[in-house]
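All values below were derived from every heavy atom in this structure, side-chain atoms included, with hydrogens, water molecules and symmetry-related copies excluded.
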Amino acid sequence: MARRTKAEAEETRRRLLDVAERIFHAKGVAATSLEEIASEAGVTRGAVYWHFANKADLFMALFEDAPLITEDLLAAPALDGHPDPLALVEHLALEALALLAADERRQRIYTILTLCEYRDDLGQVLQRKVETMDRVHAQFVGAFAEAARRGNLAPCWTSEAAAATFQWLFHGIIVDWLRYGRRFDLVGRGTMAIRAQFRAYRVAGAPAADAIPRPA
């Protein structure tokens with residue numbers, strides 16, 4: 001009986017997250033109430049509060065359910081000590097675009113996270129997002145610094161400028177694709193833009209990443 005009750009509670013929590021994701025995506029977070037989520041999920045308002053302290057807590061759970069796409073980049077092979085950090089970051093970026101393009105649920109959650117107005121009690125979610133982005137940025141700075149140490153980064157770039165430019169390009173492609181109705185081929189056009197950017201990072205005469213063996 002205890003196992004059944006635990007399973008039922010997890011099923012309810014999962015249903016609430018799925019309903020919240022759908023309504024947040026359709027209406028926006030600010031315009032959605034917990035009462036609306038409870039009604040759509042077929043549970044009482046008290047059941048919502050049993051799982052989530054408030055709307056911000058529910059929103060945070062969605063955030064944890066689908067991390068920022070740059071976290072997916074860093075969940076793959078470690079950047080530290082790789083013989084060609086530029087090739088690795090480029091490959092991981094292209095893989096992340098392919099993952100996003102093939103995952104409609106991730107697209108919806110990323111749209112919510114990217115386009116949400118972080119007002120009132122949603123400030124804690126924004127803070128979590130900022131902390132994640134700062135951590136990711138620091139790791140990319142380290143990767144570009146390692147590329148510079150190995151003589152692979154063109155001298156016109158600092159590791160800080162290279163990391164920032166990469167993140168602006170990467171996020172900009174994704175946000176434009178999501179905001180304006182997926183009107184272009186994310187993988188095709190994203191690949192062209194990212195490869196061109198990484199050619200600009202490399203010292204003159206260095207081989208492009210597509211001429212370098214794919215990281216294991």
Side-chain angles (χ1 to χ4, degrees), residues 1-78 92-137 139 170-171 173-182 186-187 190:
M1 179 65 70
R3 285 196 299 271
R4 181 182 177 187
T5 301
K6 183 177 180 180
E8 288 174 345
E10 180 55 34
E11 181 183 348
T12 298
R13 184 180 187 277
R14 181 74 263 163
R15 186 161 70 252
L16 288 169
L17 285 173
D18 290 344
V19 168
E21 172 201 320
R22 178 164 50 82
I23 300 178
F24 285 165
H25 184 260
K27 296 180 56 177
V29 179
T32 302
S33 67
L34 289 181
E35 290 81 359
E36 183 176 5
I37 292 170
S39 175
E40 188 69 20
V43 301
T44 65
R45 192 166 181 265
V48 177
Y49 282 111
W50 195 87
H51 289 279
F52 305 104
N54 48 41
K55 185 164 62 174
D57 189 34
L58 194 160
F59 190 26
M60 183 72 80
L62 271 182
F63 190 176
E64 301 293 344
D65 214 31
L68 293 175
I69 200 74
T70 42
E71 291 186 278
D72 288 329
L73 270 68
L74 299 176
L92 293 178
L94 297 181
E95 288 177 355
L97 290 184
L99 170 66
L100 182 62
D103 188 340
E104 292 186 3
R105 181 169 183 272
R106 179 65 64 88
Q107 292 168 27
R108 290 191 297 270
I109 294 178
Y110 201 79
T111 298
I112 296 165
L113 291 171
T114 302
L115 305 182
C116 173
E117 294 183 9
Y118 292 91
R119 297 180 299 184
D120 304 324
D121 58 344
L122 297 181
Q124 61 180 294
V125 184
L126 177 60
Q127 182 60 35
R128 165 74 169 79
K129 183 178 177 181
V130 169
E131 289 171 357
T132 299
M133 293 178 69
D134 286 347
R135 179 175 60 84
V136 168
H137 177 72
Q139 290 182 269
F170 186 75
H171 283 291
I173 292 168
I174 292 172
V175 170
D176 277 359
W177 185 67
L178 293 172
R179 186 188 295 270
Y180 299 115
R182 302 164 178 80
L186 176 66
V187 174

- Message: Can you confirm whether more than 12 heavy atoms, excluding those of E11, are under 6.0 Å from its CD atom?
- Response: no

- Query: If you measure from CZ on R108 to CG on L62, what distance do you get to the nearest 0.5 Å?
  - Reply: 10.5 Å

- Taken in chain and number order and not counting sequence neighbours, the residues that satisfy salt bridge (Lys or Arg N to Asp or Glu O under 4.0 Å) with D18 are R14

- Item | Nearest-0.5 Å distance, CH2 of residue W177 to CG of residue L100 | 5.0 Å

- Task: For the pair H171 and Y110, name the ring-plane relationship: parallel under 30°, tilted 30 to 60°, perpendicular over 60°.
- Result: parallel

- Item | Considering all heavy atoms, the nearest I173-G190 contact | CD1-CA, 4.1 Å

- Query: What's the spacing between I37 CD1 and K55 NZ if we round to 0.5 Å?
  - Reply: 7.5 Å

- Item | Separation of L186 CG from L178 CG (nearest 0.5 Å) | 8.0 Å

- Query: Would you say F24 and I109 make side-chain contact, with heavy atoms under 4.5 Å?
  - Reply: no

- CZ on F170 to CG on L94, rounded to 0.5 Å: 8.5 Å

- Task: Quick one: pull up CG in L58 and CZ in R13 and give me the separation to the nearest 0.5 Å.
- Result: 8.0 Å

- All pairs passing salt bridge (charged side-chain N to carboxylate O under 4.0 Å, His left out) where residues 39-50 contributes a residue, at least two apart: R22-E40, E35-R45

- Message: For I112 versus H25, what's the shortest heavy-atom pair and its separation?
- Response: CD1-N, 3.7 Å

- At their closest point, which heavy atom of A98 faces which heavy atom of V187, and how far apart are they? CA-CG2, 3.8 Å

